[in-house]
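In what follows, every heavy atom counts, from backbone to side chain, and hydrogens, waters and symmetry copies are set aside. It should be emphasised that the depicted structure is a prediction, and the values quoted were computed from it without experimental measurement. Every chain is numbered from 1 and lettered A, B, ... according to where its sequence line falls, protein lines coming before strand lines.
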Protein chains: 2
Amino acid sequence: MNKNQPLPWDHPRFRSWIAVARACQLMQTVLTRELTELDIKPPHLDILINLYRFEGISQQELARKLLVGRSNMSMALPLMEKRGLIERRGDKQDKRVLRLYLTNEGRSVTEAAMGIQTALIERTLSSEPLDQCMAMAESMERLIVTLQSEIREDSREPA
Amino acid sequence: MNKNQPLPWDHPRFRSWIAVARACQLMQTVLTRELTELDIKPPHLDILINLYRFEGISQQELARKLLVGRSNMSMALPLMEKRGLIERRGDKQDKRVLRLYLTNEGRSVTEAAMGIQTALIERTLSSEPLDQCMAMAESMERLIVTLQSEIREDSREPA
DNA sequence: CCGAAAATGTTCAATATTGAACAATAAAGT
DNA sequence: ACTTTATTGTTCAATATTGAACATTTTCGG
């Protein structure tokens with residue numbers, strides 16, 4: 001059965017990618033644990049960080065930045081609003097869009113959570129030379145561009 | 001508010017990691033699309049690949065390899081069994097454990113799916129020099145070791 | 001200006017994932 | 001042998017995520 005098909009784990013790039021995926025998974029797991037004291041989870045942190053950087057962003061724009069569907073935001077944001085972390089205010093110009101803002105509570109939770117995440121990343125990645133980290137980031141950014149263009153092609157031409 | 005706290009996006013390692021995470025997310029999205037023709041999703045592919053490599057593995061061992069909880073396997077595997085992709089047979093020695101095997105159907109689906117995933121990875125990563133891929137893999141493997149030991153510490157000492 | 005097309009957000013059902021509590025079996029300690 | 005502890009798998013409720021169908025509002029073509 002393995003006669004004519006080269007097995008994936010013989011491909012160096014395949015093996016590399018699997019390692020990347022596993023590392024992401026683990027990092028997520030550990031981050032989840034460390035965030036429990038703040039009673040938030042990674043998806044919410046992603047949202048908070050983006051609101052911290054881009055105050056007044058719309059739900060649509062936020063979903064695009066996070067690479068998730070709009071419906072995701074429609075489910076998550078009202079919960080965060082009820083918890084007093086964010087506010088949603090309608091845009092004056094365009095009555096369709098809701099613009100998002102951090103509350104003071106949300107801002108301080110975000111700062112604490114960013115501190116935790118930054119510390120985790122520094123701690124676990126500090127043994128890797130900075131050159132190597134930067135090179136990896138550049139590879140990943142090229143990968144992101146490639147994959148995003150592929151996704152856009154698919155949705156333009158859904159034949 | 002940003003006076004005394006250094007912002008995460010000023011840390012090069014933080015930025016690098018965010019790029020890694022986004023790339024993983026996108027890769028997952030694209031892989032999901034390309035697997036629809038086989039009617040399976042990435043989590044099932046992960047399972048199939050591991051059964052392909054390690055026939056007769058137990059549910060527990062499989063969960064450990066995939067870095068997911070045992071309950072996850074308890075939910076997913078019966079569905080895959082109903083779809084005729086795998087078989088679960090009780091261990092003769094130890095009546096607690098269920099050992100997992102691919103059916104012929106499962107094996108051919110796995111081979112097709114591995115082909116798709118390998119092609120995707122080769123296609124999107126081929127522009128990165130092999131040295132760079134290997135260096136990244138080594139970094140990620142070190143990261144995995146670090147994070148796993150941290151997880152183990154936590155679960156040993158859950159104070 | 002009016003009707004068609006696009007954009008934004010919501011709802012819903014389907015699927016994933018987790019952790020906790022549980023039952024059955026095995027291993028260890030006495 | 002017997003009680004205790006550990007391991008394996010299951011169930012359940014809670015939370016995430018997605019895509020499709022939908023309503024509202026805006027934009028565009030005529």
Applying a 4.0 Å non-hydrogen cut-off, can you work out what [X] is touching in the nucleic acid: base, sugar-phosphate, or nothing?
X: A/Gln93; answer: sugar-phosphate
X: A/Glu61; answer: nothing
X: B/Met73; answer: nothing
X: B/Ser58; answer: sugar-phosphate

Distance check: side-chain N/O of [X] vs OP1/OP2 of [N], anything under 4.0 Å?
X: B/His44; N: C/dT15; answer: no
X: A/Gln59; N: C/dT8; answer: no
X: A/Arg88; N: C/dT10; answer: yes

Among the candidates [options], find the nucleotide nearest to the side-chain atoms of [X].
X: A/Gln60; options: C/dT11, C/dT8, D/dT11; value: C/dT8
X: B/Lys41; options: C/dA16, C/dT25, C/dG9; value: C/dA16
X: B/Leu98; options: C/dT25, D/dT10, D/dT15; value: D/dT10
X: A/Met75; options: D/dA20, C/dA13, D/dA13; value: C/dA13
X: A/Val97; options: D/dT11, C/dT8, C/dC12; value: C/dT8
X: A/Lys95; options: D/dT26, C/dT18, D/dT18; value: D/dT26
X: B/Asp94; options: C/dA26, C/dT10, D/dG9; value: C/dA26

B/Gln25 and A/Leu66: which non-hydrogen atoms are nearest, and at how many Å?
NE2-O, 2.8 Å
Could you pull out the closest heavy-atom pair between B/Leu26 and A/Leu67, with the gap in Å?
CG-CD1, 3.8 Å
Any sub-3.5 Å donor-acceptor pair from B/Ser58's side-chain atoms to B/Glu61's backbone N or O?
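Indeed, once roles are kept as given, a pair shorter than 3.5 Å links the two residues.
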In whole Å, I'd like the distance from the [atom1] atom of [X] to the [atom2] atom of [N].
X: B/Leu67; N: C/dT18; atom1: CG; atom2: C1'; value: 14 Å
X: A/Asp46; N: D/dT15; atom1: CG; atom2: P; value: 19 Å
X: A/Asp91; N: C/dG9; atom1: CG; atom2: C1'; value: 13 Å
X: A/Asn72; N: C/dA16; atom1: CG; atom2: C1'; value: 13 Å
X: A/Leu79; N: C/dT11; atom1: CG; atom2: C1'; value: 14 Å
X: B/Leu77; N: C/dA16; atom1: CG; atom2: C1'; value: 13 Å
X: B/Gln25; N: D/dA16; atom1: CD; atom2: C1'; value: 12 Å
X: A/Ile86; N: C/dG9; atom1: CD1; atom2: C1'; value: 14 Å

Give a yes or no on whether a donor-acceptor pair under 3.5 Å exists between the nucleobase atoms of C/dG9, that is its base, and the side chain of A/Arg96.
no
C/dG9 base / A/Ser74 side chain donor-acceptor hit below 3.5 Å
no
Quick one: side chain to side chain donor-acceptor pair (under 3.5 Å) partners of B/Glu122, sequence neighbours excluded?
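Per chain and number, B/Glu122 pairs via side chain to side chain donor-acceptor pair (under 3.5 Å) with A/His11.
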Among B/Arg99, B/Arg70, B/Arg88, whose side-chain hydrogen bond (donor to acceptor under 3.5 Å, both in side chains) with B/Gln59 holds?
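Of all the options given, the one that passes is B/Arg88.
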On DNA chain D, nearest-nucleotide positions of A/Gly69 versus B/Arg99: which is more 5'?
B/Arg99
side-chain hydrogen bond (donor to acceptor under 3.5 Å, both in side chains) between B/Ser139 and A/Glu128: does it pass, once the steps are laid out?
CA-CA 7 Å; B/Ser139 290; A/Glu128 305 305 321; 2.9 Å; yes
